[in-house]
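Chain identifiers are assigned alphabetically (A, B, ...) following the order of the sequence lines, protein sequences preceding nucleic acid strands; residue numbering begins at 1 within each chain. Every heavy atom of this structure was used, including side-chain atoms; hydrogens, water molecules and symmetry mates were not. For clarity, every value in this text was computed on a predicted model and none was experimentally measured.
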Amino acid sequence: MTKPVKTRFAPSPTGMLHIGGARTALFSKLYAKHTGGEYVVRIEDTDRERSTQAAVDAIKDGLNWLDLGPDNGQYVFQTSLVEKHTEAAHQMLKNGTAYKCFVAPEELDAMRKEAEERGEMPKYDGRHRDLTPEQIDDLEAKGVPFAVRIKLPLDGSTVWEDAVQGRIEIANTQLDDFVLLRSDGTPTYNLAVVVDDAEMDITHVIRGDDHINNTPKQIHIYEALGLDVPTFAHLPLIHGKDGKKLSKRTGSVDVMHYKDMGYLPASLNNYLMRLGWGMGDKEVISFNEAVEAFELTDVNKGASIFDFDKLDWLNGEYIKQMNNNDLFASVKPFFELDGTPLSEAAADRISKLMDALKPRARRLTDFVDVAQFCLFDGRPGLADAKAEEVLSAGMEHVNGLADALDMQDDWSEASLDGVVKTYIKESGAKFPAVGMPVRVALTGTTQAPSVGAILSALGKEESLKRLGHNIEMER
RNA sequence: GUCCCCAUCGUCUAGAGGCCUAGGACGCCACCCUUUCACGGUGGAAACAGGGGUUCGACUCCCCUUGGGGAUACCA
């Protein structure tokens with residue numbers, strides 16, 4: 001019989017939620033959902049030195065924003081399991097798969113240096129793996145501190161069938177008797193993950209392929225403890241523009257920074273899943289569609305480069321799909337970054353402008369740029385020399401249209417467009433000669449939505465004020 | 001250095017021996033639409049790293065080379 005699938009995301013709380021970690025979490029969750037299994041999150045906080053509460057919170061924030069928190073909402077902390085770890089080490093000591101090593105750190109360093117000079121792989125030479133019980137007792141009596149090391153086979157190889165990478169074989173000569181328990185009695189990472197994953201009944205270990213080299217070590221621990229070895233799935237890493245592991249230099253790594261940049265969580269998830277996985281020609285893929293189709297064996301083996309251009313495009317697609325109310329709600333905080341809430345008038349104008357703004361936006365921050373003119377009352381300041389030029393050249397039409405508008409009562413975008421068209425026809429002018437200066441008078445810039453949309457959003461009174469004010473200024 | 005992994009347009013990818021004259025998407029270019037900027041539409045340039053095999057037939061399988069990445073801790 002097969003156990004129900006259980007996957008886990010296991011970040012260490014030493015910083016923000018990394019974009020690569022987010023994808024690991026995403027794939028772990030997708031696979032669990034696909035198989036009807038469970039997905040959990042375990043915070044690997046055994047490194048007390050580097051772990052911080054702030055980092056724990058930051059990781060939770062990132063996960064929550066992307067809706068990648070654990071299924072049951074409960075975060076497991078590795079430190080809560082430490083007793084199991086030391087217990088496991090003692091069990092291994094007892095059954096002969098581990099031993100006490102009294103070699104001092106300085107001696108280890110020297111060993112490594114020598115190996116490097118000889119051009120060999122630096123590894124522990126196992127000098128204490130066969131100490132006699134008498135020697136051990138003697139050293140312990142003297143109070144020499146010891147670490148517990150695993151006793152690995154000296155030959156042969158370790159093999160596993162990786163769900164994404166395929167068969168991987170590593171010669172045991174490449175491995176050394178690594179430390180299980182430090183001389184201060186604390187467990188090391190490899191011991192802890194194995195014990196925890198077994199304890200939590202994890203069936204599929206999905207993680208970045210920078211863990212491939214840890215896998216044979218962990219398999220030996222599973223075997224020494226008589227535990228079932230889970231399925232491993234090593235995802236290719238995400239690289240930055242420079243082809244190297246994603247870093248702050250090559251692109252943003254903090255997931256929350258993407259929120260600040262105006263990306264939607266759904267589009268970031270969509271983008272992330274397309275890195276190394278896909279559904280044929282489909283680009284816009286919902287979470288549920290992905291759950292339906294996701295298979296670990298379909299994941300690519302090669303690393304991929306993070307491309308902001310495509311993320312921008314995808315985000316724009318998601319923005320276009322949103323309804324105006326939700327979209328306005330998402331956009332609103334970006335107008336209030338400085339802490340001042342949007343005025344009622346501004347909020348009203350912006351929400352009326354949604355249809356006009358939507359097709360031109362790629363990030364939520366784009367709304368702020370284009371809708372600046374909604375934030376204040378009265379005549380806008382002119383953006384640049386070009387705007388000034390256009391406005392002074394077109395004052396005649398600004399005045400003319402203002403007169404026509406004054407008699408208009410129906411202030412819907414469609415009928416306003418009609419008024420503008422009629423005015424153009426009657427005045428014999430070409431559209432740009434009218435539209436551009438009016439746009440400038442209304443918004444201060446030449447790059448703005450259609451005149452009808454602007455007028456409609458601003459309302460009659462404010463529109464005429466802006467146009468009229470200009471008339472006075474000019475006189 | 002040693003070990004492991006990877007290799008299709010600039011980027012993300014489709015491709016499981018003949019369907020490939022290598023498909024899609026982003027980006028780029030051109031044209032169309034147009035009330036600026038966008039959106040949208042149409043079209044275009046753009047790739048199987050190289051060399052050997054295997055096979056009637058290789059993008060697809062094997063080997064080598066090259067290139068790239070990752071790992072090499074009493075960190076996780």
Side-chain angles (χ1 to χ4, degrees), chain A residues 10-14 44-47 49-51 78 101 103-105 108-109 112 115-124 145-149 162 165-166 168-171 173-176 178-190 192-193 208-216 234 236-237 239 241 243-245 271 274-284 300-314 316 320 356-362 366 370 390 417 420-421 424 430-436 438-440 445-453:
Chain A
S12 56
T14 54
E44 312 256 293
D45 58 346
T46 37
D47 186 347
E49 298 274 306
R50 298 195 300 152
S51 300
Q78 191 164 49
C101 168
V103 179
L108 253 19
D109 286 341
R112 239 191 305 281
E116 254 169 66
E117 277 163 16
R118 268 177 282 134
E120 283 169 21
M121 191 192 183
K123 54 181 229 182
Y124 173 70
F146 64 89
V148 174
R149 288 181 181 272
D162 196 280
Q165 307 283 346
I168 297 180
E169 175 168 0
I170 291 176
T173 51
Q174 287 304 313
L175 274 22
D176 67 354
F178 58 93
V179 170
L180 260 15
L181 237 41
R182 286 180 271 258
S183 45
D184 67 357
T186 58
T188 58
Y189 166 75
N190 284 115
V193 246
D209 72 10
D210 49 344
H211 280 290
I212 285 179
N213 294 274
N214 282 326
T215 307
H234 289 97
L237 265 20
H239 288 170
K241 275 275 179 220
K244 302 246 169 70
K245 209 167 157 181
Y271 179 74
R274 287 285 293 107
L275 254 28
W277 181 81
M279 293 174 66
D281 288 344
K282 214 166 152 55
E283 295 290 346
V284 180
N300 285 158
K301 300 180 186 178
S304 40
I305 293 173
F306 197 95
D307 179 19
F308 276 92
D309 283 335
K310 190 147 185 177
L311 208 212
D312 279 350
W313 169 78
L314 200 53
K320 278 174 215 134
L357 261 24
K358 232 200 277 198
R360 67 212 311 131
R362 286 164 101 77
D366 292 343
V370 182
V390 167
D417 275 335
V420 175
K421 283 210 173 84
I424 287 167
K430 291 239 192 283
F431 188 92
V434 179
M436 290 307 277
V438 170
R439 215 190 311 264
V440 170
T445 165
T446 51
Q447 295 186 11
S450 79
V451 172

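For A:Arg182, there are no salt bridge (Lys or Arg N to Asp or Glu O under 4.0 Å) partners two or more places apart in sequence or in a different chain. Looking at residues two or more places apart in sequence or on another chain, you find no side-chain hydrogen bond (donor to acceptor under 3.5 Å, both in side chains) involving A:Thr188. Contacts of A:Phe178 classified as ring-ring contact (aromatic ring centres under 6.0 Å, His included), with partners at least two apart in sequence or in another chain: none. Among residues two or more places apart in sequence or in another chain, the ring-ring contact (aromatic ring centres under 6.0 Å, His included) test is passed with A:Tyr124 by none. Among residues two or more places apart in sequence or in another chain, the side-chain contact (heavy atoms from CB on, under 4.5 Å) test is passed with A:Lys421 by none. Here A:Ser12 pairs with A:Thr14, A:Glu44 under the side-chain contact (heavy atoms from CB on, under 4.5 Å) rule; sequence neighbours left out.
Within the 4.0 angstrom heavy-atom criterion, no nucleotide atom of any strand lies near A:Gly278. Within 4.0 Å (heavy atoms only), A:Pro449 reaches at least one base atom of the nucleic acid. Across all strands shown, A:Gly276 has heavy atoms under 4.0 Å from sugar-phosphate atoms exclusively, and none from any base. Across all strands, A:Asp312 comes closer than 4.0 Å to no nucleic acid atom at all (heavy-atom distances). Base contact: A:Ala448 has a heavy atom under 4.0 Å from a base atom.
Here the P atom of nucleotide B:C12 and the CD1 atom of A:Ile305 are 5 Å apart, to the nearest Å. In this structure, the NZ atom of A:Lys301 is 13 Å from the P atom of B:A14, given to the nearest Å. Between the CZ atom of A:Phe431 and the P atom of B:U36 there is a distance of 8 Å, rounded to whole Å.
For B:C26, the glycosidic angle deviates from 0 by more than 90°, giving an anti base.
Checking side-chain atoms of A:Arg439 against main-chain N and O of A:Pro449 turns up a donor-acceptor pair under 3.5 Å. With A:Asp162 contributing its side chain and A:His234 its backbone, the two residues share a donor-acceptor pair below 3.5 Å.
Comparing B:G53 with B:G17, their P atoms sit 23 Å apart, to the nearest whole Å. Atom name P, nucleotides B:G10 and B:A46: the rounded distance is 10 Å, in whole Å. Across B:C12 and B:A73, the matching C1' atoms stand 36 Å from one another, rounded to whole Å. Separation of the P atoms belonging to B:U11 and B:C5 is 24 Å when rounded to the nearest angstrom. Nucleotides B:A58 and B:A22 are separated by 13 Å at their C1' atoms, to the nearest Å. Across the P atoms, B:C59 and B:G27 are found 31 Å apart, a figure rounded to whole Å. Look at the P atom in both B:G50 and B:A7: the space between them is 15 Å, to the nearest Å. With both ends at atom P, the span from B:C19 to B:U60 equals 13 Å, rounded to whole Å.
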* Give the B/S/- string for nucleotides 17-33 of chain B, one per nucleotide from 5' to 3', where a protein heavy atom under 4.0 Å of the base yields B, of only the sugar-phosphate yields S, and otherwise -. => ------BBBSS------
* To do: Encode nucleotides 64-76 of chain B as B, S and - characters from 5' to 3', where the letter depends on protein heavy atoms closer than 4.0 Å: B to the base, S only to sugar-phosphate, - to neither.
  => -----SBSSSBBB
Donor-acceptor pairs are to be reported for all side-chain atoms of residues 305-312 of chain A against protein atoms at under 3.5 Å, with residues two or more places apart or in another chain.
residue  : atom : partner  : partner atom : Å
A:Asp307 : OD1  : A:Asp309 : N            : 3.2
A:Lys310 : NZ   : A:Glu283 : OE1          : 3.3
A:Asp312 : OD1  : A:Tyr263 : OH           : 2.5
A:Asp312 : OD1  : A:Arg363 : NE           : 3.1

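When each of B:U35, B:C39, B:C3 is scored by its nearest atom to the side-chain atoms of A:Pro359, the top-ranked nucleotide is B:C39.
A 3.5 Å limit on both hydrogen-bonding distances identifies no Watson-Crick or G-U partner for B:A14. Pairing partner, B:G67: B:C6, with both Watson-Crick or wobble hydrogen-bond distances short of 3.5 Å. The partner of B:U72 is B:G1, by the rule that a Watson-Crick or G-U pair needs both atom distances under 3.5 Å. Nucleotide B:A58 has no partner under the Watson-Crick or G-U criteria, as no pair reaches both atom distances under 3.5 Å.
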* **Test side chain to side chain contact (heavy atoms under 4.5 Å, CB included) applied to A:Thr46 and A:Thr186, step by step** => CA-CA 8 Å; A:Thr46 37; A:Thr186 58; over 6 Å; no
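Along RNA chain B, the nucleotide nearest A:Gln165 and the nucleotide nearest A:Asp417 are compared for position; the residue whose nucleotide lies closer to the 5' end is A:Gln165.
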